[in-house]
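Read the structure below first, then the notes.
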Amino acid sequence: MTDLDAFITGLPKAELHLHIEGSLEPELMFALARRNGIALPYADVEAVRAAYAFSNLQDFLDIYYAGAAVLLTRQDFHDLAMAYFDRAAADGVVHAEIMFDPQTHTARGVPFSEVIEGLLSAIAEAQARHGLTACLIMSFLRHLSEADAFATLEEAGPWLDRIAAVGLDSSELGHPPEKFARVFAAARERGLKCVAHAGEEGPPAYVTGALDALHVDRIDHGNRALEDEALVRRLVDLGMTLTVCPLSNLKLCVVDSLDQHPIDRMLKAGLRATINSDDPAYFGGYVADNYRAVAKARGLSRGDLAQAARNSLTGSFLPGEAIAALCARLDAFVDAA
Ligand code: HPA
Ligand code: ZN
């Protein structure tokens, strides 16, 4: 391990943009398929990995939803999340805010309770095993209807005190934030924070829509905001956190190469950009791999990397005292490095 590797791994960081279904490694996919008697359309793990060549978001989503079909029981969701937490802890993640897509599972007849209870038990175990904290972001699939999202919010009723936020993911183009303004208002009334994917493939107007129609606390991705200078100024003035996902951007062709990734431009502009893995099993790397990839491709300094980690702590939904304690830990680490 080089010094820079050790610095990146050792930085106390939060992961704020992670779809738990996107952490399903092919090996676990096969193990769960066997456990649940489900036939997979792949001969072996290598064939699964070979299928992970995407030219856009929708290409990926089709394969991602198909892979999630092996997840049936609360034990499956628990095992999925534990595998992620073990890897996150090894990457220096001290806090994770993980998205889950209930509609992907309830549409297949999996009860909401199985999904959430499996994830909650993994969060408790991860805290005991690794000392990391985690919370849940319930994401609505934007290609489905407003009514379907409302039904999901209703179904989540008994667990709302254990859900930190609602999110908005899946196919962005053609599904602007405004479609979910009323659902997000209802979620906010119930005390939930709000995040939304915006500006991954969608235009800057979708980022504006996430601010004005959904009143989000964070923007997931946000890359295309850079096309609108006034919007960048607005995001800077708001202190809005962007959860940027470099390897995802590469694999989904949001950027042609990591050499062109805008993370350093974002940081220089004063945007509160963070570095995250999105769907690590599909995009070839966990959070530290994402830090390393942009450090190399864009020549980020240790100061830049520490700023991204600091942004992840201050942009988290942890209480202020916990954020202050983690920032002190980060400062001590950087001073000693
Ligand atoms: N974008 C939109 N939806 C998603 C993503 C993403 O990057 N990953 C999982 N669902
Ligand atoms: Zn995402």
Side-chain angles (χ1 to χ4, degrees), residues 14-25 29 52-69 71 77 80-81 84 88 96-105 107 115 119 136-144 148-149 152 164-177 179-180 194-203 206-207 209-210 214 216-225 241-255 261-263 273-287 289-290 312 315:
E15 177 143 58
L16 304 180
H17 187 156
L18 178 281
H19 303 263
I20 199 63
E21 294 89 350
S23 71
L24 177 61
E25 291 287 344
M29 191 189 292
Y52 293 174
F54 316 112
S55 47
N56 55 39
L57 173 59
Q58 194 60 50
D59 266 8
F60 155 70
L61 290 170
D62 293 342
I63 286 196
Y64 161 84
Y65 294 131
L71 298 161
F77 288 94
L80 172 70
Y84 165 71
E97 306 197 340
I98 63 176
M99 284 181 254
F100 70 112
D101 291 339
Q103 290 153 298
T104 300
H105 313 300
V115 180
L119 297 176
L136 293 176
I137 301 174
M138 180 172 79
S139 291
F140 302 117
L141 300 182
R142 67 201 304 158
H143 68 275
L144 299 179
D148 209 318
T152 302
V166 292
L168 190 62
D169 61 7
S170 192
S171 321
E172 188 179 6
L173 289 169
H175 301 285
K179 178 176 168 185
F180 296 95
C194 297
V195 302
H197 285 54
E200 180 184 23
E201 286 191 340
Y206 282 24
V207 176
L214 304 184
V216 292
D217 297 283
R218 288 199 301 252
I219 298 279
D220 291 320
H221 295 295
N223 299 46
R224 291 197 58 195
T241 298
L242 305 186
T243 65
V244 181
C245 306
L247 290 172
S248 165
N249 293 159
L250 177 66
K251 289 289 156 68
L252 299 187
C253 306
V254 169
V255 294
H261 198 277
I263 185 72
T274 62
I275 298 174
N276 308 271
S277 69
D278 206 1
D279 301 281
Y282 291 87
F283 301 149
Y286 285 76
V287 67
D289 298 313
N290 277 271
S312 75

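Just so you know, ligand 1 is whichever comes first in the structure, and atom 1 is the first atom listed for that ligand.
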Does His221 have a non-hydrogen atom less than 4.0 Å from ligand 1?
-> yes

Which residues pass the side-chain hydrogen bond (donor to acceptor under 3.5 Å, both in side chains) test with Glu201, sequence neighbours left out?
-> none

Under 2.8 Å from the Zn ion (ligand 2), the protein N, O or S atoms, given as residue and atom | His17 NE2, His19 NE2, His197 NE2, Asp278 OD1

Going by the atom numbers of ligand 1, which of them fall below 4.0 Å from some non-hydrogen atom of Phe60?
-> 8 (N), 9 (C)

Considering residues at least two apart in sequence or located in another chain, which fulfil the side-chain hydrogen bond (donor to acceptor under 3.5 Å, both in side chains) criterion with Asn223?
-> Asn249

Gly22: heavy atom below 4.0 Å from ligand 1, yes or no?
-> no

Examine His17 against ligand 1 and note whether any of their N/O atoms are separated by less than 3.5 Å.
-> no

Given side chains that start at C-beta, do those of His221 and Val254 come closer than 4.5 Å, heavy atoms only?
-> no

Check: Glu200 N/O within less than 3.5 Å of ligand 1 N/O | yes

Numbered atoms of ligand 1 (with element) below 4.0 Å of Asp279, judged on heavy atoms = 5 (C), 8 (N), 9 (C)

Taking only heavy atoms of Asp278, which atoms of ligand 1 are found under 4.0 Å from at least one of them?
-> 6 (C), 7 (O), 8 (N)

In terms of residue, atom name and distance, what is the protein heavy atom nearest to atom 10 (N) of ligand 1?
-> His19 CE1, 3.6 Å

Indicate, as side chain, backbone, both or neither, the part of Leu61 found under 4.0 angstrom from ligand 1 when only non-hydrogen atoms are considered.
-> side chain

Does Glu172 come within less than 4.0 Å of Arg224, counting only side-chain N to carboxylate O?
-> no

Do Asp279 and Tyr52 have side-chain atoms, one donor and one acceptor, less than 3.5 Å apart?
-> no

Using side-chain contact (heavy atoms from CB on, under 4.5 Å) as the criterion, list what pairs up with Ala81, not counting sequence neighbours.
-> Ile20, Phe85, Leu119, Ala122

